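Structure record follows, encoded as structure tokens.
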Number of protein chains: 4
Amino acid sequence: MVKSTGEKYEAIIDAAVKVIARHGYHHAQVAKIAREADVADGTIYLYFENKDDILTSLFREKMGRFIREVEQALESVQSPAEQLKTLVEMHLRHLEEDPELAIVTQIELRQSNPLVRKVIGQILKKYLNVIDRIVTSGQESGVFRPHIDVKIARKMIFGTLDETVTSWIMNGRKYSLTSMAKAIHDLFLHGLKAD
Amino acid sequence: MVKSTGEKYEAIIDAAVKVIARHGYHHAQVAKIAREADVADGTIYLYFENKDDILTSLFREKMGRFIREVEQALESVQSPAEQLKTLVEMHLRHLEEDPELAIVTQIELRQSNPLVRKVIGQILKKYLNVIDRIVTSGQESGVFRPHIDVKIARKMIFGTLDETVTSWIMNGRKYSLTSMAKAIHDLFLHGLKAD
Amino acid sequence: MVKSTGEKYEAIIDAAVKVIARHGYHHAQVAKIAREADVADGTIYLYFENKDDILTSLFREKMGRFIREVEQALESVQSPAEQLKTLVEMHLRHLEEDPELAIVTQIELRQSNPLVRKVIGQILKKYLNVIDRIVTSGQESGVFRPHIDVKIARKMIFGTLDETVTSWIMNGRKYSLTSMAKAIHDLFLHGLKAD
Amino acid sequence: MVKSTGEKYEAIIDAAVKVIARHGYHHAQVAKIAREADVADGTIYLYFENKDDILTSLFREKMGRFIREVEQALESVQSPAEQLKTLVEMHLRHLEEDPELAIVTQIELRQSNPLVRKVIGQILKKYLNVIDRIVTSGQESGVFRPHIDVKIARKMIFGTLDETVTSWIMNGRKYSLTSMAKAIHDLFLHGLKAD
DNA sequence: TATGAATGAGCGTTCATTCAT
DNA sequence: TATGAATGAACGCTCATTCAT
């Protein structure tokens with residue numbers, strides 16, 4: 001019953017992003033998403049279990065793709081400090097370049113119910129692991145202080161980036177997000193690096 | 001609305017915290033809050049405009065009180081570094097000591113409708129200002145690097161703390177939040193301090 | 001418990017007329033009437049059984065007074081044709097001179113519940129009797145055709161006047177109501193008079 | 001709204017008439033109408049905007065049909081006097097033959113909110129126009145006095161008929177309404193006809 | 001596969017009335 | 001007499017999901 005691929009599967013997810021970005025989470029009815037995707041209401045349920053499944057699939061698809069891109073980019077970067085810079089830059093650029101997705105993931109989907117948020121949290125873990133690996137490798141190579149708790153460092157890095165993007169959207173996206181990368185990375189580096 | 005203070009006003013807010021923490025935002029009906037506060041449904045509307053007003057008042061009362069406590073505590077602390085430590089500690093302790101409030105403000109109220117979220121954002125600004133003042137005074141006294149963008153520093157500090165508390169709740173509150181204060185403060189300080 | 005006289009009794013009735021005329025039947029809450037009458041909500045219930053009782057008392061007082069005025073005026077008029085003219089004129093003038101009362105009795109009170117409307121109907125019967133008496137005396141004196149059913153004549157007279165006033169209010173009271181008296185009376189007279 | 005016609009559209013309107021006639025305007029909940037129409041509550045909203053729309057549609061359908069019937073019948077009648085007779089007869093017969101509709105339109109719908117009443121007034125205008133045309137043609141053909149104000153004549157005719165039907169219902173429909181047609185028409189004719 | 005008409009559970013809010021003071 | 005805080009019943013409407021076609 002649930003087909004996780006196919007033209008319509010993707011059309012529905014893209015429609016969901018558009019509708020949620022345009023109308024907000026609370027006005028993103030299944031019927032509206034169906035109309036945007038140019039399918040019948042019932043057709044949605046041939047591709048998704050329920051509405052929650054649309055939302056989590058949306059996040060999984062978009063976030064999964066981004067994580068793969070980040071991992072790929074990190075492969076060609078050696079120093080942990082530079083890797084961190086790459087991650088900060090990609091995180092900010094990714095959402096700046098796709099404002100609809102930014103609105104959906106940073107603002108709207110956070111209003112979803114606990115179940116959806118839990119699944120989103122699980123998906124995010126993969127991203128947090130990427131951050132963890134950068135920190136750990138930095139500690140192993142001696143450029144980051146060894147006694148820093150990786151989990152705390154991860155929260156600083158992710159929490160700061162997340163708050164930065166959310167704040168950028170809430171304030172009308174009036175400034176360049178990417179241009180903040182250097183300052184943020186600088187702050188992280190000072191916080192982490194060995195004396 | 002009869003009055004915005006009084007025994008029942010507080011009873012209703014406390015009941016709202018309890019009910020939302022216990023049943024979740026979406027199952028926190030007015031009738032349930034009324035029953036928990038031991039008043040009739042209609043009595044709620046003698047003290048609050050509507051349901052949204054309960055939620056925003058809740059946040060305003062609880063956050064307002066906390067901000068006042070923080071500001072008071074900061075007065076008796078001289079160095080910006082120590083002030084930052086005080087803030088980190090109080091932020092974590094405050095929510096660790098009131099897990100119901102933590103669940104409500106970190107998890108449940110984030111699902112609320114745009115209007116409530118907007119008011120919450122406005123209230124949070126006052127807290128962000130407190131953070132800003134610490135950073136600025138640190139820069140003025142020469143202990144924090146002067147070129148750091150205050151807004152970015154603020155996002156690091158608030159974003160990290162917020163992510164830390166949310167993560168603590170989402171993972172079942174299985175560890176001590178307060179005990180992370182030192183490590184977090186250490187990270188902030190390294191990030192901010194002048195060389 | 002129910003006192004049908006007294007300063008406050010009249011103040012409440014007058015307040016009810018004002019509030020209903022100003023805000024409409026559906027927005028004329030007891031609390032609003034109490035405030036207009038400058039008494040507490042509870043005080044209303046020292047003078048009236050319930051809200052319905054305010055409405056029916058209002059109608060009874062106002063209509064009773066008008067009926068007495070009409071009856072008095074008719075005493076000094078001999079011919080039934082002239083009496084009919086007096087009634088038509090007084091009916092129209094009465095409501096034209098008290099637009100608030102006109103709005104309340106012609107428009108707003110008609111939205112009341114069946115029970116209130118029934119009582120209003122009973123009170124109106126006294127007015128219909130006045131009409132009946134004019135018609136009957138006209139038939140007895142030979143100026144009105146004897147075979148006309150009094151009840152039908154009464155419905156024509158009251159129905160026409162009622163429709164005229166209602167229509168006048170609904171269309172914004174933009175013309176003189178009293179000036180229509182002659183034409184209406186003329187129509188009635190032609191309808192009723194013996195050949 | 002799916003469509004303004006169809007089996008269910010009519011079933012819902014007929015159910016509304018039944019429920020309102022049986023339980024009164026104030027106890028005619030949407031759920032009750034739905035059950036009577038043998039559809040789900042939500043189905044109502046596939047055919048009607050909201051509850052008000054049910055009520056106005058009801059009046060529009062029923063009154064519209066009646067007006068068309070009257071207009072059709074008037075076509076095959078030449079003299080204005082006879083046309084007036086036809087109208088009086090049809091008006092009374094129409095409501096006598098459908099007592100449920102009579103109760104709804106004469107009693108219950110008059111308690112409806114201002115918006116519904118406004119729409120009802122607009123629909124009634126078409127009926128008043130029919131009356132106007134009869135009066136005017138009677139004046140043009142010289143059988144009705146030319147100086148009679150059409151608007152006043154219309155108010156007499158409609159006001160009398162309306163009062164007659166309302167009174168008939170309020171008094172328990174204990175006599176024949178149609179049998180009053182001749183006497184009413186007679187009264188109208190004497191009132192209107194040229195000497 | 002695809003459709004879309006039909007379903008029905010769920011809840012914030014008002015306001016006439018009461019009653020302890 | 002007078003007050004006014006407290007009560008609690010009552011209901012229109014939305015929208016995710018189903019299922020006959």
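Protein chains get the first letters and strands the later ones, always in sequence-line order, with residue 1 at the start of each. Everything numeric in this text was worked out from a predicted model, so none of it was measured. Values below: all heavy atoms of this structure, side chains included; hydrogens, waters and symmetry mates excluded.
Residue D:Tyr45 places no side-chain N or O under 4.0 Å from the OP1 or OP2 atom of E:dG8. The shortest distance between the side-chain N/O atoms of D:Lys8 and the OP1/OP2 oxygens of E:dA6 is below 4.0 Å.
Using cut-offs of 30° and 60° on the angle between ring planes, the pair C:Tyr9 and C:Phe48 is parallel.
A side-chain donor-acceptor contact under 3.5 Å links D:Lys32 to the backbone of D:His27. Although no hydrogens or angles enter the test, the distance criterion places no donor-acceptor pair under 3.5 Å between the side chain of C:Arg110 and the main chain of D:Gln111.
Judged by a 6.0 Å distance limit and a 45° cone about the ring axis, C:Lys51 is positioned over the six-membered ring of C:Tyr25.
Checking F:dA5, E:dG4, E:dC11 against every side-chain atom of A:Ala40, the shortest atom distance belongs to E:dG4. Looking at the side chain of D:Gln29, the nearest of the listed nucleotides E:dT13, F:dA16, F:dG12 is F:dG12.
Atom CD in C:Glu49 sits roughly 13 Å away from atom C1' in E:dT17 (whole-Å rounding). Here the C1' atom of nucleotide E:dG12 and the CG atom of B:Leu115 are 15 Å apart, to the nearest Å. In this entry the distance linking OH of C:Tyr9 with P of F:dA2 reads 15 Å, nearest Å. Here the C1' atom of nucleotide F:dA16 and the CD1 atom of A:Ile12 are 15 Å apart, to the nearest Å. If you take NE2 of C:His23 and C1' of E:dC15, they are 16 Å apart, rounded to a whole angstrom. For the pair D:Lys32 NZ and F:dA10 P, the interatomic distance rounds to 11 Å; values are reported in whole Å. Here the C1' atom of nucleotide E:dA16 and the OH atom of C:Tyr25 are 11 Å apart, to the nearest Å. Separating the CG atom of B:Leu46 from the P atom of F:dT7 is a distance of 8 Å, rounded to the nearest angstrom.
Annotation for A:Lys18: atom NZ does not count as buried by contact number, only 12 or fewer foreign heavy atoms lying within 6.0 Å. Within 6.0 Å of CG in B:Asn113 there are more than 12 heavy atoms belonging to other residues, nucleotides or ligands.
Nucleotides of DNA chain F nearest to C:Ile44 and A:His27 differ in position, and the one nearer the 5' end is that of C:Ile44. Nearest-nucleotide positions on DNA chain F for C:Asp38 and A:His26 put C:Asp38 closer to the 5' end. Mapping A:Asp41 and B:Lys51 onto DNA chain E via the closest heavy atom, the residue that lands nearer the 5' end is A:Asp41.
Stem list for DNA chain E (at least 3 consecutive Watson-Crick or G-U pairs, distances under 3.5 Å): E:2-21 with F:2-21.
Residue contacts for B:Val30: at a heavy-atom cut-off of 4.0 Å it reaches a base atom on one of the strands shown.
Taking a cutoff of 4.0 Å between a charged side-chain nitrogen and a carboxylate oxygen, B:Arg117 and B:Asp52 do not qualify as a salt bridge.
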